[in-house]
Structures are given as C-alpha cells and as structure tokens.
**Q** 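Handing you a structure now.
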Amino acid sequence: MANIIIVGTQWGDEGKGKIVDCLTEKSNVVARYQGGHNAGHTVVIGGDKFILHLIPSGILHKDKQCIIGNGVVVDPLALITEIEQLKARGVPVTRDNLRVSKNAHLIMPYHVILDGWKEKVKGNKKIGTTGRGIGPCYTDKASRAGIRMLDLSWPIQFKEKLRANIDDINCMLEQIPNVDKLDTDKIYDTYISYGEKLAPYVDDTDITINEAIKQGKTILFEGAQGTLLDVDHGTYPYVTSSSATAGGAMTGLGVGPKCVDEVYGVAKAYTTRVGEGPFPSELLDNTGESLREKGAEYGATTGRARRCGWLDFVVLRHAVRVNGLTGLVITKLDILDDMEKIKVCVGYKYTDKNGERQLKDFPKELPVLEGCSPVYEEHDGWKGEASAGVRSYDKLPKKAKAYIELIEKTLGIPVVIVSTGQDRDDIIYR
Ligand code: IMP
C-alpha cells in the first residue's frame, strides 16, 4: 500500500480513528504528528469500544509499529494511563509497537492551569478548549521554554529548566485567586517517575520512521483534529495550537514530502464542531438536534455536545486545497438515513457596504466569516432505504450513491472510502 496521510477536513471528530484503524491492516507503521490528548479516537471492534487519545489506533493491530512524533504534545500521565488501560484489556504495548519521540514536548501541570485561566478571563470570547493544557504547551514550545521528553533523562538540566518556568508561573499565579503556588521539587519528582515509566518507549523517532521508509515499509500518518482547527488554516483564533493539516506530518515527524503518496481527507456526511467559533452551516433546530442524537455527537474527550450542521462545500474545497487531498473518505453516511431532504452548503452569502455577494472560498477574516449565511442546495434523501451497515457500493440506496457522486463532482476528487456504521467492518472501499 501507499504511504498515506489521513487528515480531518472539518472541525475534527470526522471519524479518523476508525479509518486509520481500517487502513492499518495494509500499513506497517502508524504515526501521529500533532495535537495531544485533546484528541479522542473511538474504535469499535466486534462491539468492544476503545477510546484512544494519544496512542495511534494502530496499536489495536498485531505487529504494527506506532509512533508518537515530535509534533505531538504529550501529557505523560495521560500516556501512561492509556498504556496501562490497553494492557489491562489484553493489548500488548511494548517498545516493539510503540515509540515516543525524544523531542515531543511535555504538558506540565502549569499548562493545564493556564489553559483554564486564559479561558476564564476571555469570558464570552473563550475558545472552548478541551482544558488539557494544549495551547500553553505549544506556546512554551514556540517561545523556547518547553520541556521535552528527553529532558526527563537529564535530571540536573531538567530541574533547572523546570525551576525557571515555575518561578515565572508562580509570579503569574499570584494574580489568580484560590490557586496555590507550584512546588518545583514535587513536580520534578513526579515527572522523573513518569520518565522512568516511559523510558522503554522513548526513541529517536525521526530515525526510526526514515529507516522504515527506506526499507519500503508503508506508513500511515494519523492526523488529529481537523483542517478548520489548524493554527494556520483554521478559523483562527478558534483553533487548536498545532498544524492539523497535511503539512504538519512533515515537521511533526521529521520526514520529507516526497515520501507521501496519498493524502486522504476524512469528512462526515454532515458537519460538526465542538467548542466556540464560527460554523456557517450550523443547524440550531430540530434537524441539528436529530443529527446530534442519531450520530451520538458527544465529544470522546470532554463529553461535550457537538454542534451539528449540513455538509459544507466551502469548508471542503478549502480542505482539498490546503491539504492537497488526493481522495476523500465519507463517514457516518448512515446518520442521514432517515432524512427526507438533505441540504448541502454551496456558498456563503455575505453583505457589506458594497452590497450582497456570494463567496465560494472560505473567508479568512473572522468578522466576514461571522457575517456569512449559508447558501443551500437541497437534494432528495434516501428515507425508507438504509445505508447503515452496507458494505458494498452497489448495495447503497440509489440516492445515497447520488450524494457521494455529488461530493466527488463538486470537489473534483474521488471518494475512496465510505463508512456506514460504527463497526470496523461497516465500510466500503471503492
Ligand atoms: P484545545 O486543542 O484544547 O486548545 O482546543 C481548541 C479548540 O479545538 C476547541 O474548540 C476544541 O473543542 C477543539 N478541539 C481540540 N481537539 C479536538 C478534537 O479532537 N476534536 C474536535 N475538536 C477539538
């Protein structure tokens, strides 16, 4: 199989975990390149549900190597917990199938405190983060104050860096009511013990992955979050702090662009978003509510209800462009099974002092985006016929096939996979 990057084309939660799980069968290495335990990938195997936050879902397969790249921010306790939970359920996790980059930055307790505090002071302008400390950790990385996985093996230097950071943080914490100052020694001891537990997995993952590529092994690059949450190409500032688009795979793992054969974008058959920020095709009515209930649209990480809306071609065109998508994966087609009519957003209507116009391209200016209203096209649904559980394209209801073909025609790329249910086997390869 080819080396494939899997990216989210919307605001995350597109069902990438299941697609990665399915494509892992044909890959040797599965590598995460950005984000942290803000992600939540749900994989259902024979009725057994696994929710993974940091470890690539490839871990559920025998003889596959999983890599957590340098671009990922790692909360060591979250990683240790995930490893232990997998082991407790009989999934082996060893150095043979899991490697974590030495260069991965660590989420520290102060990142979590700052994440919560920054959200609080933003009031109604809050981002709606997952509260996992992701933004402050990437901030430290960019400002060169970060602590990396390798630091845990250099106790003297680690303590020095930690002390400098905590001195700074404690000055800031003085302004926050009801928050105790942080104790360097306590955090040091805790993190050193995390380092000992994670030591078997720590690796020069850039060397490991490039060796694998040289040996002709196939790599699956697993993106987290989605294009519209990308720090450069998303709905800034309502984004996460990493490069969730395809380009992030290169810097987040230390590989060159020539090793990538395909870039598959994963899109739900409709759209969802969790957290704050603009969402032009959002449905605030019963249709939105029924998508949420039928699609079980509640976050795998925070349990928050996801906002739901129609499929948005303005968003998807942007995703095709900035990721260089070569194929699309449509998930949760079955959730539309009961719909009499299905709408798709084909453009945005925007009015300013020059009058009304229709935008075909995703606007970058937040005030413009916030002022846009969706222009819909309505299509017949396939109510009364089911796509749920269908495993061959020919057996899909005619109107469901027409929906898939409309997506292909509009975006100019093939739909290579369709997912028709939660289970690993509810899938159509085209
Ligand atoms: P953060 O990544 O926790 O800083 O959150 C920033 C924004 O990204 C918020 O709107 C979150 O809800 C959103 N977000 C982060 N991770 C995910 C994810 O895995 N799925 C969907 N939304 C996410």
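Numbers here are sequence positions counted from 1. Bear in mind the structure is a predicted one, so any value in this text is a computation, not a measurement.
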**Q** Could you pull out all residues at least two apart from Asp48 that satisfy salt bridge (charged side-chain N to carboxylate O under 4.0 Å, His left out)?
**A**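 With neighbours one apart ignored, the set is empty.
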**Q** Tell me every residue that passes salt bridge (charged side-chain N to carboxylate O under 4.0 Å, His left out) with Glu289, counting only those two or more places apart in sequence or in another chain.
**A**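 Result, salt bridge (charged side-chain N to carboxylate O under 4.0 Å, His left out) vs Glu289: Arg292.
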**Q** Phe362 vs Tyr348 aromatic rings, parallel, tilted or perpendicular, using cut-offs 30° and 60°?
**A** perpendicular
**Q** In chain order, what residues pass the salt bridge (charged side-chain N to carboxylate O under 4.0 Å, His left out) check against Arg304, with sequence neighbours excluded?
**A** none
**Q** Test Lys18 against Asp423 for salt bridge (charged side-chain N to carboxylate O under 4.0 Å, His left out), laying out the working first.
**A** CA-CA 8 Å; Lys18 170 177 168 175; Asp423 206 88; over 6 Å; no
**Q** Closer than 4.0 angstrom, basic N to acidic O: yes or no for Asp115 and Arg132?
**A** no
**Q** Compare all side-chain heavy atoms of Arg430 with those of Val416 and state whether any distance is below 4.5 angstrom.
**A** no
**Q** Check Arg307 with Glu282, please: is the shortest side-chain N to carboxylate O separation under 4.0 Å?
**A** yes
**Q** Charged N to carboxylate O below 4.0 Å: is that the case for Lys181 and Glu174?
**A**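 A salt bridge links Lys181 with Glu174.
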**Q** So does Asp185 pair up with Lys159, basic N to acidic O under 4.0 Å?
**A** yes
**Q** Residues two or more places apart in sequence or in another chain: which of them pass side-chain contact (heavy atoms from CB on, under 4.5 Å) with Ala39?
**A** Arg32, Ala224, Gln225
**Q** Drop me the distance from Ile209's CD1 to Cys259's SG, to the nearest 0.5 angstrom.
**A** 7.0 Å
**Q** Would you please classify the geometry between the Trp11 ring and the Phe279 ring as parallel, tilted or perpendicular, with 30° and 60° separating the classes?
**A**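 Rings of Phe279 and Trp11: tilted, as their planes differ by 30° to 60°.
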**Q** Mind checking what makes side-chain hydrogen bond (donor to acceptor under 3.5 Å, both in side chains) contact with Tyr403, not counting sequence neighbours?
**A**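 Tyr403: no side-chain hydrogen bond (donor to acceptor under 3.5 Å, both in side chains) contacts found.
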**Q** Tell me every residue that passes salt bridge (charged side-chain N to carboxylate O under 4.0 Å, His left out) with Lys214, counting only those two or more places apart in sequence or in another chain.
**A** Glu211
